[in-house]
Visitor: 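If you scroll down you'll find the structure; I have some questions about it.
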Amino acid sequence: MYPGDYHYSKDHEWLKIEGDTAVMGITDFAQKQLGDVVYVELPPVGAELVSHQAIGVIESVKAVSDVYSPISGKVLEVNSGLNDAPETLNQDPYGRGWILKLAIKDKSELDQLLSALDYEKFVEGLGA
């Protein structure tokens with residue numbers, strides 16, 4: 001259910017590490033909780049993000065939710081396709097629904113994140 005080689009935050013974001021770059025998105029659990037996504041606000045390319053800082057907003061038919069950066073780094077690229085097709089977050093949260101790519105500032109911050117198994121246990125503890 002959750003890709004095993006990803007890192008997960010308790011805020012329901014995932015990171016896929018590609019060298020010194022992290023690809024970030026929201027988990028399947030998060031997109032199910034949100035319901036149908038209708039709008040995504042992304043940070044600008046070049047923005048310096050701080051771990052646990054709100055970096056944007058996802059609006060669904062149910063709610064408006066902040067998105068948090070699991071680690072610190074610089075935004076290298078954003079998924080501008082989400083502007084025209086925000087529902088991609090619901091359809092493919094671990095693939096085409098990625099949110100941004102981040103230059104990792106401090107790889108040791110990854111140690112604070114959860115493995116797929118630990119994230120699954122965390123979500124089960126929420127009654128999911």
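Owing to the predicted nature of the structure, the values given are computational and were not obtained by experimental measurement.
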Visitor: Below 4.5 Å, heavy atoms only, C-beta onward: do F122 and L114 meet side chain to side chain?
Guide: yes
Visitor: For D28 and Q31, what are the C-alpha separation, side-chain angles and deciding distance, and is it a side chain to side chain donor-acceptor pair (under 3.5 Å)?
Guide: CA-CA 5 Å; D28 186 58; Q31 71 83 17; 2.9 Å; yes
Visitor: Would you confirm whether N79, through its side chain, and R96, through its main-chain N or O, come within 3.5 Å as a donor-acceptor pair?
Guide: yes
Visitor: Ignoring hydrogens and geometry, is there a side-chain-to-backbone donor-acceptor pair from Q53 to V50 under 3.5 Å?
Guide: yes
Visitor: Could you please spell out the steps behind the side-chain contact (heavy atoms from CB on, under 4.5 Å) verdict for L49 and L102?
Guide: CA-CA 9 Å; L49 305 183; L102 191 64; 3.7 Å; yes
Visitor: Are any of the side-chain heavy atoms of S69 and H52 separated by less than 4.5 Å?
Guide: no
Visitor: Under the 3.5 angstrom rule, does the side chain of E13 hit a backbone N or O of V67 as a donor-acceptor pair?
Guide: no
Visitor: Under a 4.5 Å cut-off applied to non-hydrogen side-chain atoms, are I26 and H12 in contact?
Guide: no
Visitor: Apply side-chain contact (heavy atoms from CB on, under 4.5 Å) to the pair S60 and D36, showing each step before the final yes or no.
Guide: CA-CA 5 Å; S60 71; D36 295 334; 5.8 Å; no
Visitor: State whether a side-chain donor-acceptor pair under 3.5 Å links D11 with S9.
Guide: no
Visitor: Y6 vs W14 aromatic rings, parallel, tilted or perpendicular, using cut-offs 30° and 60°?
Guide: tilted
Visitor: Ignoring hydrogens, what is the shortest heavy-atom contact between G4 and A116? Give both atom names and the distance.
Guide: CA-CB, 3.8 Å
Visitor: Would you mind reporting whether L82 and Y39 have side-chain heavy atoms less than 4.5 Å apart?
Guide: no
Visitor: Does any part of the side chain of D118, heavy atoms only, come nearer than 4.5 Å to the side chain of L113, both counted from C-beta?
Guide: no
Visitor: Do S65 and V57 come close enough that some side-chain heavy atom pair is under 4.5 Å?
Guide: no
Visitor: Any side-chain heavy atom of V45 sitting closer than 4.5 Å to one from K101?
Guide: no
Visitor: Crowded around N83 CG? As in, over 12 foreign heavy atoms under 6.0 Å?
Guide: yes
Visitor: Please tell me if the side chains of I71 and H7 come closer than 4.5 Å, counting only heavy atoms from C-beta onward.
Guide: no
Visitor: Show the nearest heavy-atom pair for residues I55 and M24, with the distance to one decimal.
Guide: CD1-CE, 3.5 Å
Visitor: Taking NZ, NE, NH1 and NH2 as the nitrogens, is one of them in K107 or E109 under 4.0 Å from a carboxylate oxygen of the other?
Guide: no
Visitor: Mind running side-chain contact (heavy atoms from CB on, under 4.5 Å) on L15 and V23 for me, showing each step along the way?
Guide: CA-CA 5 Å; L15 292 177; V23 181; over 6 Å; no
Visitor: Hey, what's the ring geometry for Y8 with Y2, parallel, tilted or perpendicular (30° and 60° as the breaks)?
Guide: perpendicular
